[in-house]
Each structure stands twice: as C-alpha cells, then as structure tokens.
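Structure record follows, encoded as structure tokens.
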Amino acid sequence: MQQKIRFQIEGMTCQACASRIEKVLNKKDFVESAGVNFASEEAQVTFDDSKTSVADIAKIIEKTGYGAKEKTEDTLPQPEAEQHIGWRLWLLLAINIPFLIGMAGMMIGRHDWMIPPLWQFVLASVVQLWLAIPFYKSAWASIKGGLANMDVLVTIGTVSIYLYSVYMLFFSPHAAHGMAHVYFEVGVMVIGFVSLGKFLEHRTKKSSLNSLGLLLKLTPTQVNVQRNGEWKQLPIDQVQIGDLIRANHGERIAADGVIESGSGWADESHLTGESNPEEKKAGGKVLAGALMTEGSVVYRATQLGSQTLLGDMMNALSEAQGSKAPIARVADKAAAVFVPTVVGIALLTFIVTWLIKSDWTVALMHAVAVLVIACPCALGLATPAAIMVGMGKAVKHGIWFKDAAAMEEAAHVDAVVLDKTGTLTEGKPQVAAVYCVPDSGFDEDALYRIAAAVEQNAAHPLARAIVSAAQTRSLEIPTAQNAQTVVGAGITAEVEGVGLVKAGKAEFAELALPKFSDGVWDIASIVAVSVDNKPIGAFALADALKADTAEAIGRLKKHNIDVYIMSGDNQGTVEYVAKQLGITHAFGNMSPRDKAAEVQKLKAAGKTVAMVGDGINDAPALAAANVSFAMKGGADVAEHTASATLMQHSVNQLADALLVSQATLKNIKQNLFFAFFYNILGIPLAALGFLNPVIAGAAMAASSVSVLGNALRLKRVNIE
C-alpha cells in the first residue's frame with residue numbers, strides 16, 4: 001500500500017544536498033517518488049509500506065550524511081527558536097576585523113595597516129584548523145555521499161590559499177628576505193562572509209519566509225478553564241475535550257468549540273481571510289485562534305491541537321510549503337552538476353592563467369575566486385523560497401493550496417468555470433420583485449404582511465424567504481389560523497382582520513400575471529397571494545447574487561481570464577445571472593458528465609482551466625480541470641478532489657488565489673534569472689581576474705540573501 005511521509009532534514013547546506021537525497025531515495029524500487037525542499041528543509045516521500053518502513057527510509061537519508069526526523073499531523077508544528085549569532089560566528093567575525101582594516105588600508109595605499117605575516121598566520125590557522133571544521137565535515141559527508149556540495153568549493157578554495165600562504169611564508173625562497181606574498185586574509189574573510197551569509201539565510205528561512213510562526217502565535221499558551229466548579233489558569237496542553245473555557249475581550253480562542261454562554265464578536269480572518277468580525281452567541285461555534293474583539297464567551301472544547309481547523313490549516317500549509325513546484329526541476333538539474341562543473345572550470349582557469357601569465361600565484365588566485373564566487377544555493381532557493389512566501393500569502397487570504405504544483409498551475413489559468421448555486425449566488429431564494437394587483441386595495445407592505453402571516457406556517461424555503469423579508473421591513477405580522485397545505489399548490493389560512501388567504505402557485509391564487517419587462521419574472525419562482533379568492537399580488541423569488549460576485553468577475557476579466565458559467569439550472573435562469581454579471585459564456589441544464597466534458601473541450605482548445613464548485617455533482621468537472629477549487633464546508637468529495645480550498649464561499653477568493661499564484665510564479669522567474677545571471681556573469685569575471693577571492697566570497701554570500709529578499713517582496717505585492 002502506498003504511504004506518504006514527511007521528514008525534517010538536518011545538515012543540508014545547499015541545493016546539491018537536497019538533490020543528493022532525492023537521487024538516493026528515487027533509486028529505491030519501493031519509493032514511488034521523493035522530493036526534498038532545500039528552503040523548508042523537508043523531504044516528502046511516497047513509498048510502498050509493504051516493502052519498507054518509515055524507520056528504514058530515515059536510515060537511508062542518514063547514510064547520505066543528513067539527519068531525518070519524521071513529521072506527523074498528530075501534533076502541531078513547533079515554534080522555531082529565535083535565531084541568534086553563536087559564539088563561533090562571533091569569534092570568526094572578530095578575527096575578520098584586523099584583516100578588514102588591513103584590506104581597507106591596502107585600497108588606499110597604506111600597506112602598513114595590515115598586521116604582520118606571522119600574526120596573519122596565527123589567526124588564519126585558528127580559522128582554518130578550528131572554526132572552519134563544520135565546512136570540512138559537510139564537504140566530506142557530501143563527497144562520501146557521492147555528490148559535492150557548496151562546502152566542497154569553499155573548502156578547496158580556502159585550504160588551497162591557506163597552504164599556499166604557509167608555503168610562501170615559511171618555505172619559499174623569498175621568505176628569508178621578508179618578501180613573501182601571503183594571502184591569509186582571503187581564507188579568513190571567505191570563511192567569515194560565507195558563514196555570515198549562511199546564518200542570515202538560515203534565519204530568513206526559519207522566520208521571515210515561513211508563515212507557520214505567525215499561525216503558532218494565534219493559540220494562547222494559558223487559558224481559563226473550569227475545573228471542579230472553579231476557574232483556573234492552565235497551560236494549553238492540559239486542556240481536554242469537553243472542558244469549559246472562558247475567553248474575554250482581547251483574548252484568543254484556544255480550541256474549536258460550542259458556546260455555552262455569553263456573547264460577543266470574534267475575528268476569524270486567520271482562517272477565512274474575511275476581515276469583518278463574526279457575531280458569537282450561545283449555541284454558536286468558535287474556532288481556535290480567533291480573537292475576541294468584543295464581549296466574553298464560555299465555550300466547550302470539541303477539538304484540540306492538530307484536530308482543530310487551525311491545526312488542520314497549519315499542517316496543510318506545512319505540507320504544501322514543503323512540496324516542490326515543477327519549475328524547480330530547472331534549478332535541480334543545474335544544481336546536480338553545478339559543483340563538479342565549477343571545480344572543472346576552476347582547474348581549467350588555473351592551467352590557462354598559468355600558461356598565459358607564467359605566474360602560478362595569479363593562477364591560484366583566479367582559480368580560488370572561481371570556486372568561491374560559484375553559488376548553487378541561490379539556484380536552490382529560487383523556487384522554494386517564493387513558494388513558501390506565496391503559500392503564506394494565500395493562507396492569509398483564506399486559500400489552502402494542496403501543493404506547490406497546484407499553485408504553479410493556477411498561475412497559468414486563463415479560463416474559469418463556475419457553478420451557479422452556492423458559488424455565484426447565495427444558494428437560497430430571496431424576494432427579487434413584488435407585484436401588486438392594481439385597484440386591489442392592498443399595497444406592498446400589506447401584501448408582505450398578509451403573505452407572511454400564512455407562510456410562517458410553512459417550512460418551504462420560499463415561505464421562509466417571504467417571512468424573512470417581512471421581518472426585515474419591521475412589519476407587524478397578523479395572526480393566521482386553520483392553516484392547511486395543499487400539496488403541490490400552496491397553503492391557505494384565515495388571517496385575522498383580512499379573510500381567507502391563499503399563497504402558492506399563480507393558478508392556485510387565481511392570478512394571471514401580466515407580461516413584465518423585468519426578466520427576473522421569467523426565471524424566478526412565483527408565489528401568488530389572494531384574499532377571499534381575489535388575487536392581490538405576487539412575489540418573484542430568485543437566488544440572489546453574492547455581494548462580491550460582480551466585483552470578482554470584474555477582477556478576473558481585468559486580468560484577461562475568461563469566465564464560464566456551467567449549471568444544472570434551466571438555461572433561462574443561467575442566462576439571466578450571466579447577463580447581470582456580463583458573462584458571455586453561460587451553459588444551463590448540464591449534468592455532472594456534461595460539465596466535465598465541456599471542461600475537456602476547453603482544455604483541448606488550449607485553455608488552462610480552473611473549476612470552482614462545492615457540490616458532489618461538481619466533482620467530475622473539478623477532476624477534469626487543470627486546477628480546481630472547492631468551497632470549505634461543501635461536499636467532502638469536492639474538497640478531496642480539488643487542488644485548493646477556499647475558506648469563504650466567494651469568487652473573490654478565487655481571484656485572490658489566481659493572482660497570488662501569478663505573483664508567485666513571476667517572483668520565481670525573477671529569482672531564477674538572478675541566480676543564473678549571477679553565476680553566468682560572476683564565474684567568468686572571477687576566471688579573468690576581475691574579482692579577487694574576498695570580493696567573490698562576499699558576493700556569493702550575498703546572492704542567497706538577495707534571492708530570499710526578493711521572495712519576501714511577495715508579502716507586499718498588491719493583488720487587486
């Protein structure tokens with residue numbers, strides 16, 4: 001049986017490490033697929049659990065030189081410890097200071113600013129023989145695993161320049177005359193810059209890139225729980241299902257639950273993307289992480305930790321951020337051969353420069369610069385860094401993508417297929433128009449009062465809509481007696497002070513409707529009303545458009561995305577809704593099979609199709625589309641089939657999802673361009689001697705941080 005497992009990987013230093021683990025795992029016959037995300041430091045493996053175990057896969061990863069810890073959905077992701085500069089990096093930076101001063105002096109002709117060669121040797125030895133040991137360990141583990149990583153390049157370059165300087169200081173013919181040319185500062189500063197770059201990269205990956213840290217802060221660590229009739233302040237991990245918990249104004253909800261007492265307003269935007277607070281009162285539901293903006297409630301915990309909607313979202317986000325987008329394959333292929341290629345270029349640079357310059361010192365400096373300037377990390381981070389930020393931005397807008405591939409595909413969408421009921425419309429009838437029979441003696445308010453008096457005795461959705469409309473108007477509804485339902489026709493009752501009232505189909509109330517110019521009467525459900533068998537008016541009830549539907553359709557059109565309506569409702573109803581929204585492609589009377597077939601036709605015509613639905617009948621079309629979106633709380637099969645889930649029943653969230661995806665893909669392409677351009681430009685400049693190793697080291701360290709910085713710009717991208 002196929003099983004999917006996730007591992008947190010420890011010890012990776014660049015994309016080559018991730019590629020190595022992937023290569024080893026994918027060679028195993030019991031592994032269907034394996035992907036390793038360098039940015040999230042996570043591996044996702046699908047394997048046959050009848051042939052191997054999770055522990056065995058972890059051992060395989062460990063044999064490649066990396067740590068592997070299984071990640072499960074039973075517990076929420078843990079908050080990352082704040083990243084601080086360790087003593088090793090502080091000491092390394094301190095040793096760099098005298099060399100930095102000396103380098104600055106040399107740039108302005110003050111060579112006396114550089115410390116004496118023997119002191120250079122001592123400090124450089126501390127760095128190369130002690131502080132650089134993590135580089136050597138990583139490089140050796142990588143070589144043993146059969147693939148060279150970035151640390152191999154740094155090790156070869158800095159050790160070469162250190163040994164050369166030692167030779168020149170103690171053993172060269174010039175050493176006795178004090179004329180030896182040493183370059184201890186190169187190794188020290190390269191190790192310093194690269195170490196600082198690694199720290200900044202790691203801190204950015206663990207904090208700024210990942211939105212999980214912000215979500216973790218939404219759950220309170222201490223809560224007020226009722227135990228044995230008393231309220232006690234307890235840690236969140238001591239709360240049990242069934243406990244009564246109190247949340248006051250300004251506090252966050254600790255668990256999913258049902259309100260027992262109290263009332264107030266709660267901000268649930270962390271889950272829904274909707275900024276307007278929700279009213280909460282007895283019998284209603286509360287969700288973990290919600291902020292009580294007003295009032296106070298006591299609720300009974302029904303779900304805790306990873307079982308809450310917040311926990312489910314956090315696990316879904318963690319898994320999605322750890323997945324790999326198809327566009328990442330470009331960088332993966334380059335990273336897999338990157339280090340050996342760079343070593344070859346460096347060796348060729350050394351030979352050619354030596355032959356041309358007849359100076360092996362210059363040749364060595366050029367070769368080391370090539371080794372140090374090369375950076376597979378920027379390539380490895382280009383895609384996953386943007387995906388992590390993009391996923392976080394999507395979640396902030398109430399959108400849960402299943403994986404990175406779905407987000408990338410969503411960025412290409414140029415055609416959207418929408419169901420009508422529950423997607424474009426509210427999914428419940430509302431009074432759309434009212435007709436009062438001339439000279440009947442009853443105006444519109446009277447018609448509402450009389451109809452509501454009778455319909456409040458019925459359970460039909462149309463009846464409830466009329467009663468609700470009358471209540472909204474604050475009308476006094478008279479008493480009705482002897483209510484009787486006529487199956488398939490309507491309802492009758494004696495209304496106090498009015499007479500015998502009938503409400504139902506037009507023929508039941510003996511009403512002949514005139515021809516209306518308003519098209520809603522042609523597609524609406526009609527409820528006619530008569531008093532003592534004389535018709536007095538009628539209501540046209542239709543499924544109203546959601547408040548933000550027109551705005552959402554406008555946003556999609558603005559970005560050149562074609563919109564199609566496909567519904568099981570009659571063609572007239574669908575065309576009426578389409579006309580209101582300015583949609584030219586409207587299809588009614590469609591079965592689930594018809595919808596799926598039409599989606600396939602659009603794909604065959606070259607369209608990249610997104611389908612949105614919330615019902616069981618939408619599942620075939622959702623599966624047929626390039627990328628699909630289900631509404632949270634709709635049919636389970638729809639959510640299971642879809643590529644992403646929209647927390648609100650809103651087409652505006654669909655527009656958000658597509659635009660966030662477009663911005664993310666654009667950011668990925670920018671990152672890849674920068675990473676490739678950096679290496680394509682930097683390596684030749686280093687080989688030709690235009691970059692010394694120190695500058696090359698600083699540039700290499702800056703390249704990864706620059707890619708991460710560009711990815712972080714996604715947080716501020718406007719998707720209107």
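This chain uses plain numbering: 1 for the first residue, then up along the sequence.
- Here the straight-line distance linking atom CD of Glu551 with atom NZ of Lys558 works out to 10.5 Å at 0.5 Å rounding.
- Nearest heavy atoms, Ala506 versus Ala528: CA-CB, 3.7 Å.
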* To do: Could you walk me through whether Val651 and Val612 pass the side-chain contact (heavy atoms from CB on, under 4.5 Å) test, one step at a time?
  => CA-CA 8 Å; Val651 183; Val612 185; over 6 Å; no

* To do: Carefully, step by step, assess Val599 and Tyr564 under the rule side-chain contact (heavy atoms from CB on, under 4.5 Å).
  => CA-CA 10 Å; Val599 168; Tyr564 298 76; over 6 Å; no

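- Asn626 places a side-chain N or O within donor-acceptor distance of the main-chain N or O of Val609, the cut-off being under 3.5 Å.
- Of the possible polar contacts, one joining the Thr549 side chain to the Leu424 backbone as a donor-acceptor pair under 3.5 Å is found.
- The distance from the CG atom of Asp548 to the OG atom of Ser650 is 3.5 Å, given to the nearest 0.5 Å.
- Aromatic ring orientation, Trp521 versus Tyr435: perpendicular (interplanar angle above 60°, classes split at 30° and 60°).
- When each of Val529, Val501, Ile477, Ile466 is tested with Glu455 by the rule side chain to side chain contact (heavy atoms under 4.5 Å, CB included), just one qualifies, namely Ile466.
- At most 12 heavy atoms of other shown residues, nucleotides or ligands fall within 6.0 angstrom of atom CD in Glu496.
- By the 6.0 Å contact criterion, CD on Gln2 is enclosed, its count of non-hydrogen atoms from other residues, nucleotides or ligands being greater than 12.
- Ionic pairing of Lys285 and Glu278 is not present here: no N-O contact between side-chain nitrogen and carboxylate oxygen is shorter than 4.0 angstrom.
- Judged by distance alone, the side chain of Thr608 and the main-chain N or O of Asp414 form no donor-acceptor pair under 3.5 Å.
- Here the closest heavy-atom approach between residue Ala465 and residue Gln430 is recorded as CB-CA, 4.4 Å.
- One N or O on the side chain of Asp594 and one on the backbone of Ser591 form a donor-acceptor pair closer than 3.5 Å.
- The closest donor-acceptor contact from the side chain of Asn224 to the backbone of Trp231 lies at 3.5 Å or more, if one exists at all.
- Within a 6.0 Å radius of NZ in Lys534, other residues, nucleotides and ligands contribute 12 heavy atoms or fewer.
- Looking only at distances, a side-chain donor or acceptor of Lys402 sits under 3.5 Å from a matching main-chain atom of Ala642.
- For Lys393 (side chain) and Thr664 (main-chain N/O), no donor-acceptor pair under 3.5 Å exists by modelled atom type.
- Looking at Thr293, its side chain does come within 3.5 Å of a backbone N or O of Trp265 through a donor-acceptor pair.
- Rounding to the nearest 0.5 Å gives a distance of 15.0 Å between CH2 of Trp400 and CZ of Phe629.
- With Glu260 as the fixed residue, the salt bridge (charged side-chain N to carboxylate O under 4.0 Å, His left out) test singles out one of Arg246, Arg300, Lys281: Arg300.
- A distance of 9.0 Å separates CG in Leu418 from CG in Leu581, rounded to the nearest 0.5 Å.
- In this structure, CD on Gln653 lies 4.0 Å from CD on Gln648, to the nearest 0.5 angstrom.
- In this structure, the side chain of Ser440 engages the main chain of Val437 through a donor-acceptor pair within 3.5 Å.
- Within a 6.0 Å sphere centred on NE2 of His249, heavy atoms belonging to other residues, nucleotides or ligands number 12 at most.
- The backbone N or O of Gly588 sits less than 3.5 Å from a side-chain atom of Gln571, completing a donor-acceptor pair.
- The side-chain hydrogen bond (donor to acceptor under 3.5 Å, both in side chains) with Asp656 is formed by just one residue from the set His397, Arg555, Lys396; it is Arg555.
- Across every non-hydrogen atom of Gly262 and Val297, the tightest pair is C-CG1, 4.0 Å.
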* Report the C-alpha separation of Asp419 and Ser567 in whole Å, then their side-chain angles, then the decisive distance to 0.1 Å, and conclude whether the side-chain contact (heavy atoms from CB on, under 4.5 Å) test is met. => CA-CA 5 Å; Asp419 182 37; Ser567 174; 4.2 Å; yes

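- The CD1 atom of Ile583 sits 4.0 Å away from the CD1 atom of Ile565 when rounded to the nearest 0.5 Å.
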* **Trace of the side-chain contact (heavy atoms from CB on, under 4.5 Å) decision for Leu658 with Val416** => CA-CA 10 Å; Leu658 299 183; Val416 168; 3.8 Å; yes

